[in-house]
Amino acid sequence: MRRTSPFKVGQIVFVTFYALISILPIIFIINHAFKPLSELFLFPPQFFVENPTFNNFRELVFALNLSAVPFTRYLFNSIIVTAAVVLFSVLFSTMGAYPLSKIKFKGKDLIFNTIILSLMFAPSTVTITRFLVVSNIRIMNTYFGHVLPLLAMPISIFLIKQFMDQIPSTLSEAAKIDGASEWVIFYRIIVPNIRPAIGTAAILAFQAVWGNVETSTLYMTSESMNTLPFFISTLNAGLLGGAGVARQGASAAAGLLMFLPNLVIFVILQKSMMSTLVNSGIK
């Protein structure tokens, strides 16, 4: 019987420990949503719930009924904005990565280095610039005002470009010899081979927009144009009946409901993300 080396045993132990640590926040969010109000304010905080209750979800429904705008309107806004951002950000990132990977042109390295440089800055550094752009092109209080500030995702372009680099240039060169245009090469050869990277870009875009409150806070002036995350953020702000502390239970339940779509999307597309991160494109 072949013995496992101590190094491999150490690797297995480390990976197992890391996996357990990584799953703790998920367990905490689930437990937190079912804690009664007395456990929510315990100090030091308690990880596991002792007396689970559904009162938090009832409180959330009550808070939704107090809102001047129907809950379905917030949900509809979030679905529309999220779908548009995911679709168009993935499309633009893929189209932007293609020339950076497969087409030779002057200034290519400068553009790519600028994209990499932009990854070093926090999103808050462009908040004023985004506001001026949205204001000057007169898209405040519109769905376009929600979508436009979130379309540019340098990390998606970077990941997709790096994945495209794994595809042999001989494929596109052979297609050009057969008379294929750049669009045909992109759509019929490149895109089918970078689906894992596209899935990863979709996950990143979804996570960036689903919980976003910036666009509602800065660019929307009508309550009916706000998204669900913005409404959830008001539960503890005392905006609904002036009971910020009393809404802690509703906020905990809402946090779980907001987290579940992220978990579902990741479970569905996790293979794509893993494939992208290990650069398992065509060798």
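- In this pair, Y74 and F231 present their aromatic rings parallel. The plane angle is below 30°, not in the 30 to 60° band.
- Going from atom CD1 of I268 over to atom CG of L263 covers 10.0 Å, rounded to the nearest 0.5 Å.
- A distance-only check finds no donor-acceptor pair linking the side chain of S101 to the backbone of A97 [under 3.5 Å].
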*Please test N77 against L228 for side chain to side chain contact (heavy atoms under 4.5 Å, CB included), starting from the C-alpha separation and ending with a verdict.*
CA-CA 7 Å; N77 291 344; L228 185 58; over 6 Å; no
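- Within 6.0 Å of atom CZ in F17, 12 or fewer heavy atoms from other residues, nucleotides or ligands are found, so the atom counts as exposed in its surroundings.
- Annotation for F88: atom CZ does not count as buried by contact number, only 12 or fewer foreign heavy atoms lying within 6.0 Å.
- Taken to the nearest 0.5 Å, the CD atom of E223 stands 6.0 Å off from the CZ atom of F230.
- The main-chain N or O of F112 is never found under 3.5 Å from a side-chain atom of K161 such that the two would form a donor-acceptor pair.
- Ring geometry, Y18 versus F14: the interplanar angle falls under 30°, so the pair is classed parallel (tilted spans 30 to 60°).
- Counting non-hydrogen atoms of other residues, nucleotides and ligands closer than 6.0 Å to CG of L119 gives a total above 12.
- Here the straight-line distance linking atom OG1 of T114 with atom CG of D109 works out to 10.5 Å at 0.5 Å rounding.
- Side chain of T127 to backbone of S124: a donor-acceptor contact under 3.5 angstrom is found.
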*Kindly determine whether V191 and I198 satisfy side chain to side chain contact (heavy atoms under 4.5 Å, CB included), including the steps that lead there.*
CA-CA 8 Å; V191 171; I198 292 176; 4.0 Å; yes
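- By the rule that hydrophobic residues join a cluster once side-chain heavy atoms approach within less than 4.5 Å of another member, V126 and M140 end up as members of separate clusters.
- For the pair N226/T234, no side-chain contact is recorded, criterion being any heavy-atom separation below 4.5 Å from C-beta on.
- In this structure, N55 contributes its side chain and P36 its backbone to no donor-acceptor pair below 3.5 Å.
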*Worked verdict on F34 versus N56 for side chain to side chain contact (heavy atoms under 4.5 Å, CB included)*: CA-CA 7 Å; F34 293 95; N56 294 338; 5.6 Å; no
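- Classified by interplanar angle (parallel below 30°, tilted 30° to 60°, perpendicular above 60°), the ring pair F28/F47 is tilted.
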*Under the side chain to side chain contact (heavy atoms under 4.5 Å, CB included) criterion, do F186 and M95 qualify, and how do the steps go?*
CA-CA 8 Å; F186 170 75; M95 295 179 67; 3.9 Å; yes
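- Hydrophobic clustering of Ile, Leu, Val, Met, Phe, Trp and Tyr side chains at less than 4.5 Å, counting indirect connections, unites L151 with L159.
- Distance CD1/I157 to CE/M153: 10.5 Å, rounded to 0.5 Å.
- Counting only distance, with no hydrogens or angles, the side chain of W210 and the backbone of T82 share no donor-acceptor pair below 3.5 Å.
- Connection of V61 to M258 is not established within any shared hydrophobic cluster, with ILVMFWY side chains joined at heavy-atom distances below 4.5 Å, either directly or through further cluster members.
- Counted within 6.0 Å of CD1 on I128, heavy atoms from surrounding residues, nucleotides or ligands total 12 or fewer; the atom is thus considered open.
- Residue D165 holds its CG atom at 6.0 Å from NZ of K102, rounded to the nearest 0.5 Å.
- Put simply, the side chain of F105 reaches to within 4.5 Å of the side chain of I111, judged on heavy atoms.
- Between Y187 and W183, the two ring planes are parallel [angle under 30°; tilted spans 30° to 60°].
- A continuous path of hydrophobic side-chain contacts links F259 to I265 [ILVMFWY only; heavy atoms under 4.5 Å].
- A side chain to side chain contact (heavy atoms under 4.5 Å, CB included) with V134 holds for exactly one of T215, I139, L218; it is I139.
- M225 is not listed as a side-chain neighbour of Y219, based on a closest heavy-atom distance of 4.5 Å or more.
- A donor-acceptor pair is defined here as one N or O able to donate and one able to accept, closer than 3.5 Å; such a pair exists between the side chain of S89 and the backbone of V85.
- Considering only heavy atoms from C-beta on, V133 comes within 4.5 Å of I137 through its side chain.
- A donor-acceptor pair under 3.5 Å is absent between the side-chain atoms of D178 and the main chain of A180, judged by distance alone.
- The backbone N or O of Q46 lies less than 3.5 Å from no partner atom in the side chain of E39, so there is not a single donor-acceptor pair.
- One N or O on the side chain of N141 and one on the backbone of T221 form a donor-acceptor pair closer than 3.5 Å.
- Looking at heavy atoms from C-beta onward, P261 lies in side-chain contact with F206 at the 4.5 angstrom threshold.
- S93 places no side-chain N or O within 3.5 Å of a backbone atom of V90 that could act as its donor or acceptor partner.
- Residues K108 and I103 have side chains not in contact (no heavy-atom distance under 4.5 Å, counting atoms from C-beta outward).
- I115 and F121 end up in different hydrophobic clusters when Ile, Leu, Val, Met, Phe, Trp and Tyr side chains are linked at under 4.5 Å.
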*asked:* Evaluate E50 against K35 for salt bridge (charged side-chain N to carboxylate O under 4.0 Å, His left out), listing each step before the verdict.
replied: CA-CA 8 Å; E50 291 184 357; K35 289 179 181 178; over 6 Å; no
